[in-house]
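Below is one structure, written out as structure tokens, with a few remarks after it.
When a ligand or atom number is given, it counts from 1 through the structure's own listing order. Quick caveat: nothing in here was measured; it's all calculated off a predicted structure.
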Amino acid sequence: MTRNGNEYDVIIIGAGSMGTSACYQLAKRGIRVLGLEQFDRVHEFGSHTGQSRIIRKAYYEHADYVPLLRRSYELWKELELATRTKLYYKTGILYFGDQDDPVLKGVKYAADSYDVVIDTNPLTETKGFDHIGNIPPGMHSIFEPDAGFVLPEETIRQYSKSAQEYGAVIRYREPVVSWSEGNSGFEVKTNSQTFSCQKLVFTAGSWTSKLIRKYIPDLKVTEQLLTWFFPQDQQTFDISRMPCWFISDKKFGLLYGFPGFTDQQGNFSGVKMARHLPGEIVDPDKRSFTTNHAEMELIRQFVSAYFPKLRDAVVHTKNCLYTNSPDENFIIDFLPEANNNILIACGFSGHGFKFVPVIGEIIADMIEKKSTDLPVDFLSLKRFV
Ligand SMILES: Cc1cc2nc3c(=O)[nH]c(=O)nc-3n(C[C@H](O)[C@H](O)[C@H](O)COP(=O)(O)OP(=O)(O)OC[C@H]3O[C@@H](n4cnc5c(N)ncnc54)[C@H](O)[C@@H]3O)c2cc1C
């Protein structure tokens, strides 16, 4: 369908987590797709930096995500097989909180609604956790065995490489500066040239509101602190002994973390943890990248209370961006008045990475067929009207 070198069927603006997966799915279907990315293939300026992302199915945020997660798990497996790369580490996850805690209640509700396997009295796992952490007596726990973490940077590398093998063109260090609708499609200007296409997809993460000013609700971009603890005794916190976890605490809020593991270069990853609560609102183009000391202090206090063996560990930190929709659910929809030719996938609100493969598939379905069989109605724009 190419008419000249700069004309495409579809242009994807933002080739990060969701954008590269969409490029892959579209190219695999024989659609001529161009992905435009302002930075490098993986980078530290958006939402995908930080080594690991939790993946789980008993979705306390909203049970309707479970069917999407089922499909995502299948697609993670497909990607691993196709690229012969390990991207998913099955560790299980322990949720801790009071009996009436909304996270624990939400986990049970999603598991009951969709038959997700969980253990609501996980004595073996919590006993193992006792050697690592210091869980207050009376706290309840749930174990979800089919959970773990995925590798964000490696996933994006593999998707972009595979997309290119299927014929997608992905241009890096090429920021989109403007876009407009013409008589026969769209024109997209980058810092160096102009492209045209029939359909446009916005997967621009924290920059979405800078590119689309009409129709989308307020997206709050917040800076999140990630911390890594490097203890002397790495064995205690190793993936062979420790699952991922969520701890919902009245004083500290909701924290989550990962076991340590040895990365592909043979280095110990550190024991990573963070608070899941929108941080300070920032402009993604005007960030200081400094550590939020108040947040760090809170995490230190949490570590003293819950993980005393990590108290004296060396600490490393990094910042990453959440793009929060008003209800913290994703937004996947066509923009009104554009005849199903402009699709947006944004507002992943700090919990989107586990969905990367299925979001790519949804985008490809909607672009190719104007709709998808996957149940995404609850993520449409109409809920904000
Ligand atoms: C600290 C932290 C912890 C998280 N933990 C988890 C977790 O445990 N589990 C989980 O499932 N999810 C987690 N997430 C969420 C997940 O990482 C995000 O939801 C996901 O990465 C969002 O993907 P995205 O494609 O919207 O954004 P990105 O991956 O940032 O991609 C957007 C891309 O668009 C590009 N772009 C923007 N504007 C332009 C332009 N004008 N021209 C060209 N390119 C442009 C950007 O450079 C960027 O590469 C976490 C996020 C953070 C920050």
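- Close contacts of ligand 1 with Gly46, meaning ligand atoms under 4.0 Å from a residue heavy atom, involve 30 (O).
- Contact annotation for Lys210 and ligand 1: no heavy atom of the residue comes within less than 4.0 Å of the ligand.
- If you check which protein heavy atom lies closest to atom 43 (C) of ligand 1, you get Gln38 N, 3.1 Å.
- Defined by atom type and a distance below 3.5 Å, a donor-acceptor pair is present between the side-chain atoms of Ser206 and Thr323.
- The environment of Arg41 atom CZ is dense: over 12 non-hydrogen atoms of other residues, nucleotides or ligands sit within 6.0 angstrom.
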Point to revise | Test salt bridge (charged side-chain N to carboxylate O under 4.0 Å, His left out) applied to Glu74 and Arg71, step by step | key: CA-CA 5 Å; Glu74 287 171 5; Arg71 181 65 186 141; 2.6 Å; yes
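- Taking the six-membered ring where the residue is Trp, Tyr95 and Phe246 present parallel rings, their angle staying beneath 30° rather than reaching 60°.
- For a threshold of 3.5 Å applied to N or O pairs, the pair formed by Ser349 and ligand 1 contains no separation below that value.
- An N or O contact shorter than 3.5 Å links Ser17 to ligand 1 by distance.
- Nearest to atom 53 (C) of ligand 1 among the protein's heavy atoms is Cys320 SG, 2.6 Å.
- Under 4.0 angstrom from ligand 1, the non-hydrogen atoms of Tyr256 all belong to its side chain.
- Aromatic ring centroids of Phe96 and His140 lie 6.0 Å or more apart.
- Considering backbone and side-chain N/O atoms, Met18 comes within less than 3.5 Å of an N/O atom of ligand 1.
- At a heavy-atom cutoff of 4.0 Å, ligand 1 is contacted by no atom of Val177, backbone or side chain.
- Taking the six-membered ring for Trp and the full ring otherwise, the centers of Tyr65 and His351 sit less than 6.0 Å from each other.
- The single protein non-hydrogen atom nearest to atom 31 (O) of ligand 1 is Gly16 CA, 3.4 Å, given as residue, atom name and distance.
- Polar contact check, Ser52 against ligand 1: no nitrogen or oxygen pair lies under 3.5 Å apart.
- In summary, the atoms of ligand 1 found under 4.0 Å from a heavy atom of Pro175, numbered by their order in the structure, are 42 (N), 43 (C).
- At least one N/O-N/O distance between Val176 and ligand 1 falls below 3.5 Å.
- Atom numbering of ligand 1 starts at 1 in the shown order; those under 4.0 Å from a heavy atom of Trp207 are 37 (C), 38 (N), 46 (C).
- Judged purely by atom type and a 3.5 angstrom limit, Ser72 uses its side chain to pair as donor or acceptor with the backbone of Lys354.
- In this structure, Asn324 contributes its side chain and Glu328 its backbone to no donor-acceptor pair below 3.5 Å.
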Exercise for review: Dump the intermediate steps for salt bridge (charged side-chain N to carboxylate O under 4.0 Å, His left out) on Asp327 and Arg383, then the final yes or no.
Suggested key: CA-CA 10 Å; Asp327 59 5; Arg383 71 186 192 272; 2.6 Å; yes
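- Salt bridge absent: Lys57 and Glu144 never bring a charged side-chain N and a carboxylate O closer than 4.0 Å.
- Using bins of under 30°, 30° to 60° and over 60° for the plane-to-plane angle, the ring pair Phe307/Phe129 lands in the perpendicular bin.
- Ligand-side atoms of ligand 1 in range of Phe39: 47 (O), range being under 4.0 angstrom from any heavy atom.
- Only the backbone of His351 comes within 4.0 Å of ligand 1, counting heavy atoms alone; no side-chain atom from C-beta on gets that close.
- Ligand 1 lies less than 4.0 angstrom from a heavy atom belonging to Gly350.
- The nearest protein atom to atom 50 (C) of ligand 1, hydrogens excluded, is given as Arg53 NE, 3.3 Å; this is a heavy-atom distance.
- Salt bridge status for Arg29 with Asp365: present, with a side-chain N to carboxylate O gap under 4.0 Å.
- Between Ile54 and ligand 1, at least one N/O pair is under 3.5 Å apart.
- Shown in contact with Thr203 at under 4.0 Å from a heavy atom are these atoms of ligand 1, numbered in order with element: 32 (C), 33 (C), 34 (O).
- For the side-chain contact (heavy atoms from CB on, under 4.5 Å) with Phe353, the lone residue among Leu151, Val150, Ile359 that qualifies is Val150.
- Between Asp146 and Arg56, no side-chain nitrogen of the basic residue sits less than 4.0 Å from a carboxylate oxygen of the acidic one, so the salt-bridge criterion is not met.
- At a 3.5 angstrom cut-off on N or O pairs, Ile13 does not count as close to ligand 1.
- At a heavy-atom cutoff of 4.0 Å, ligand 1 is contacted by the backbone of Leu321 but not by its side chain.
- At a heavy-atom cutoff of 4.0 Å, ligand 1 is contacted by both the backbone and the side chain of Phe353.
- In terms of protein heavy-atom proximity, atom 34 (O) of ligand 1 is nearest to Gly14 CA, 3.2 Å.
- Of the protein's heavy atoms, Glu37 OE1, 3.2 Å lies nearest to atom 35 (C) of ligand 1.
- Backbone and side-chain nitrogen or oxygen atoms of His43 are examined, and one is located within less than 3.5 angstrom of a nitrogen or oxygen of ligand 1.
- Using cut-offs of 30° and 60° on the angle between ring planes, the pair Phe330 and Phe348 is tilted.
- The shortest contact between atom 30 (O) of ligand 1 and any protein heavy atom is with Ser47 N, 2.9 Å.
- Only the side chain of Leu226 comes within contact range of ligand 1, with a heavy atom under 4.0 Å; no backbone atom does.
- Not a single heavy atom of Gly50 sits under 4.0 Å from any atom of ligand 1.
- Atoms of ligand 1 found under 4.0 Å from any heavy atom of Phe348, numbered from 1 in the order shown, are 19 (O), 26 (O).
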Exercise for review: Show the numbers, then the answer: is there a salt bridge (charged side-chain N to carboxylate O under 4.0 Å, His left out) between Asp333 and Lys382?
Suggested key: CA-CA 9 Å; Asp333 208 343; Lys382 65 175 180 259; over 6 Å; no
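- Relative ring orientation between Phe258 and Tyr256 is described as perpendicular, the plane-to-plane angle rising above 60° on a 0-90° scale split at 30° and 60°.
- When hydrogens are left out, the protein atom nearest atom 11 (O) of ligand 1 is Lys354 NZ, 2.7 Å; that is the closest non-hydrogen contact.
- In this structure, Phe261 and Phe149 have tilted ring planes: the angle between them lies in the 30° to 60° band.
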